[in-house]
Amino acid sequence: MSLIEITEVKKRFGDNEVLKGINIDVAPGEVIAIIGRSGSGKSTLLRCINGLENIDEGSISVAGAQLLPDELHLKALRLKVGMIFQQFNLFPHLTAGRNVMLSQMVVKKTPKAEAEAMAKTMLERVGLGHKFDAYPDQLSGGQQQRVAIARALAMQPIALLCDEITSALDPELVSEVLAVVKELASEGMTLLMVTHEMRFARDVCSRVVFMHQGRVHEIGKPEEVFSNPKTPELQQFLGMTH
Amino acid sequence: MDEFTTWDILRNLLLAARWTVLLSLVSFIGGGLVGAALLFARIGSGRIGPTFVKAYVELFQGTPLLMQLFLAFFGLGLLGVDVPAWLAAGVALILWSAAFLTEIWRGCVEAIARGQWEASSSLGMGYVQQMRHVILPQALRIAVPPTVGFSVQVVKGTALTSIIGFVELSKAGTVVTNATFEPFTVYGLVALIYFCLCWPLSKSSQILERKLNVAHRNH
């Protein structure tokens, strides 16, 4: 059975139809890379999955939780799906540890001691156990993004959405974040990531989705998609980026 | 005729300055409370709240404070309600401060990056939780300097209430001048007292601004 079911999803911004009927089913443990030009709708699709954008038609469900635009359903869904952003979006007024503790305490009502222990474990897991008391602006971009990952993991989601999470990083910091993602993938976390890291997509992902003009243009195993692109658009896109 | 010493003048002015201080405090605190209530109506998701507050703010920012004082004082009088000057002054200044403070604070809340809302949403927080734990703590920090700065405007705004007969510092200046016929000395002292009230406020606003900025960079 699929973990995430995206069925005939359409999304419009005014007259501009950004998603023109998307169908993707994601099995548990799959790691999916979504690639495509900017403006192809890949980020919008990701943002629709956890309700940051409302969809106009179609349906999305995650482990049986249907995406509906009321606060109760949204909350249920967001407890199952974590999201990591290009700009990290850590809370700048809280330390790394507090960043990871906050949502556990206010959303799940976890007692403070427990939340703190969880935060330590999760920061440890992304290699930042020693940065518990550091504020975000004392951390490098790569460290901030790893704290953001720890923060999402602390809510124990069954899937993670990664929206170009290495695009705002200096080149030398990309690998430390990708290493964490790779480890999550090997532990069986379900991942949907919009990415420009083609080599990472080829090495780690189980499937690659190429989006073009609001549609899933090609989808398949990375070796097929990268070595044997069927459509001229994908051939051109890969030619462009390599 | 009795001679008035400078000390006589100053003493009378200082006694009146108490009312300026009191009126400033009442206006600022009252305005802050009303302003906070308006702020939540303004940034809430309803339809009536934001429209009402928008109109309210435009009305109070778009008319002179003096007219608002006249309307509070004479307007209610027309309706047969006998309004003492202190009440009209207090009410008008509270409503006026509220309009400005709510707009200052709205700017501070909206200055918080959209990503903060999105990140806290995606962690499952509801609107009230986001406000309480993520948005307001950050907005508060940037709101302090302009809020303290605005308190200077409130102090100076109280001078206008002399026109509807509230005896605070400016009105006392007029009264004392009429008795002493030394307008330059009297109004010079009045100005000096206002300066002594306002200068520490604007200075502390500057210091706070620097301090909070530094805090934001390095903690």
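Proteins get letters first, then strands, A, B, ... in listed order; numbering begins at 1 in each.
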S.K.: Can you establish whether the number of heavy atoms outside D170(A) located under 6.0 Å from its atom CG is more than 12?
M.R.: yes
S.K.: Measure across L102(A) and M125(B) and return the closest heavy-atom pair with its distance rounded to 0.1 Å.
M.R.: CD2-CE, 3.5 Å
S.K.: Does W117(B), at its CH2 atom, have more than 12 non-hydrogen atoms belonging to other residues, nucleotides or ligands within less than 6.0 Å?
M.R.: yes
S.K.: To the closest 0.5 Å, what do you measure between CG (L123(B)) and CZ (F91(A))?
M.R.: 5.5 Å
S.K.: How far apart are the closest heavy atoms of V134(B) and H93(A), and which atoms are they?
M.R.: O-CE1, 3.6 Å
S.K.: Given that the side chain runs from C-beta out, which part of R114(B) has a heavy atom under 4.5 Å from chain A: side chain, backbone, both or neither?
M.R.: side chain
S.K.: Which distance, rounded to the nearest 0.5 Å, do you find between the CD1 of I49(A) and the OG of S122(B)?
M.R.: 13.0 Å
S.K.: Given that the side chain runs from C-beta out, which part of Q129(B) has a heavy atom under 4.5 Å from chain A: side chain, backbone, both or neither?
M.R.: side chain
S.K.: Find the one option among G126(B), A119(B), P137(B) whose heavy-atom pairs under 4.5 Å with chain A are most numerous.
M.R.: A119(B)
S.K.: Looking at NE2 of H133(B) and CG of L94(A), how far apart are the two atoms once the value is rounded to the nearest 0.5 Å?
M.R.: 10.0 Å
S.K.: Got a sec: does the CG of L79(B) have more than 12 other heavy atoms crowding it under 6.0 Å?
M.R.: yes
S.K.: If you draw a 6.0 Å radius around CZ in R98(A), do more than 12 non-hydrogen atoms from other residues or ligands fall strictly inside?
M.R.: no
S.K.: Tell me whether F52(B) at atom CZ has more than 12 heavy atoms from other residues, nucleotides or ligands lying less than 6.0 Å away.
M.R.: no
S.K.: What residue, out of A152(A), S103(A), P157(A), has the most heavy-atom pairs lying under 4.5 Å from chain B?
M.R.: S103(A)
S.K.: Given heavy-atom pairs under 4.5 angstrom as the criterion, report whether the side chain, backbone, both or neither of F85(A) touches chain B.
M.R.: side chain
S.K.: Do you know which of R151(A), M155(A), M83(A), Q87(A) has the most heavy-atom pairs under 4.5 Å to chain B?
M.R.: R151(A)
S.K.: Let's test your reading of the structure: which of L161(A), V81(A), L90(A) forms the most heavy-atom pairs below 4.5 Å with chain B?
M.R.: L90(A)
S.K.: Considering residues, nucleotides and ligands other than K108(A), do more than 12 of their heavy atoms fall under 6.0 Å from its NZ?
M.R.: yes
S.K.: For P92(A) versus Q138(B), what's the shortest heavy-atom pair and its separation?
M.R.: CG-OE1, 3.1 Å
